[in-house]
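These notes are about the structure you will find just below.
Just so you know, these numbers use all the heavy atoms, side chains as well, and skip hydrogens, waters and symmetry mates.
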Amino acid sequence: MKKIHYLFALIPLLLLACSNDDNKATTYPIALWDIWNFNSVEYKIQTNNPTVDSYLADEIQTYFSKEGFFKRLELTNRYQFIAQIDDTQTYNRKYKLLGDEITVYLPEEEESEIWSKEPWTFTFFTQSSQLFMKLNQWELSSLETCIRNHAVDLSEEEILKLIETTRIEDIQVNVVYNRIEKTK
């Protein structure tokens with residue numbers, strides 16, 4: 001009889017131990033606490049105009065080959081996001097994890113015209129020794145600027161018609177980083 005009482009006492013503990021945890025933040029941090037080097041950019045572009053698709057692809061390739069995103073990232077177990085833009089510029093920010101999103105906060109004393117006052121949010125996943133950060137907002141240039149930069153052989157009327165008739169169906173940009181060393 002005592003064994004049955006123990007069994008009934010263990011059932012709630014078993015249910016708690018087996019419950020589904022929808023908050024992925026408890027599973028991701030350890031995989032992120034590393035130093036990451038920029039590797040490449042992957043993108044998918046789909047508009048109703050193949051010519052504009054090639055303009056946007058060129059815009060993305062040019063941006064990441066010249067200015068790029070962050071050359072190197074370090075995400076620490078103290079929720080520090082350390083981003084190296086180039087050999088002289090390094091930024092240290094706090095970050096928060098919620099599921100598969102990293103939100104990076106800009107310190108108030110650094111608010112300027114260059115940096116948005118809003119936090120940066122990236123969707124991410126890790127695979128093997130790589131970190132994939134999806135850019136949730138297209139911030140490189142507007143569609144109009146992109147078309148004007150690339151359609152130099154068109155008249156103003158043709159450019160305006162192209163801008164007016166182009167519909168962006170999908171743009172996905174993933175920045176890929178390789179793990180270079182484990183942080184402590």
- Query: For Asn92 and Gln80, does a side-chain donor sit closer than 3.5 Å to a side-chain acceptor?
  - Reply: yes
- Message: When you compare the side chains of Asn48 and Arg167, does any donor N or O come within less than 3.5 Å of an acceptor on the partner?
- Response: no
- Message: Is it true that Asp170 and Gln172 share a donor-acceptor pair across their side chains at a distance under 3.5 Å?
- Response: yes
- Under 6.0 Å from the CD atom of Glu157, do we count more than 12 heavy atoms belonging to anything else shown? no
- Closest non-hydrogen atom pair between Trp36 and Gln130, with its separation: CZ3-C, 3.6 Å
- Query: Would you call Lys134 and Glu42 a salt bridge, using N to O less than 4.0 angstrom?
  - Reply: no
- Message: Rounded at 0.5 Å granularity, tell me how far CD1 in Ile163 sits from CD in Glu144.
- Response: 4.0 Å
- Query: If every non-hydrogen atom of Ile159 is compared with every non-hydrogen atom of Ala151, which pair is closest and at what distance?
  - Reply: CD1-O, 3.6 Å
- Query: Would you say the side-chain atoms of Tyr95 pair up with the backbone N or O of Thr76, donor to acceptor, closer than 3.5 Å?
  - Reply: yes
- Task: Would you indicate whether Gln89, at its atom CD, is surrounded by more than 12 heavy atoms from other residues, nucleotides or ligands within a distance under 6.0 Å?
- Result: yes
- Task: Taking all heavy atoms of Ile60 and all of Tyr43, pick out the closest pair and write down the distance.
- Result: CG2-CD2, 3.7 Å
- All heavy atoms of Cys146 vs all of Glu59, minimum pair found to be SG-OE1, 3.9 Å
- For Thr47 and Asp53, test the side chains for any donor-to-acceptor distance below 3.5 angstrom and give the result as yes or no. yes
- Determine yes or no for a side-chain-to-main-chain donor-acceptor pair under 3.5 angstrom, with Asp58 supplying the side chain and Ser54 the backbone. no
- Item | Asn49 side-chain N/O to Thr51 backbone N/O, donor-acceptor pair under 3.5 Å | yes
- Query: Closest heavy-atom contact between Ala57 and Ile45?
  - Reply: N-CD1, 3.3 Å
- Message: Looking at every non-hydrogen atom in both residues, tell me the closest pair between Ile102 and Met133 and how far apart they are.
- Response: CD1-CE, 4.4 Å
- Item | Side chain proximity check, Ile35 to Arg179, heavy atoms < 4.5 angstrom | no
- Message: Checking side-chain polar atoms at under 3.5 Å, does Ser155 have a donor or acceptor matched by the opposite partner on Glu158?
- Response: yes
- Identify the residue among Phe38, Tyr177, Phe81 that makes a ring-ring contact (aromatic ring centres under 6.0 Å, His included) with Phe70. Phe81
- Message: Does Lys161 have more than 12 heavy atoms from other residues, nucleotides or ligands lying within 6.0 Å of its NZ?
- Response: no
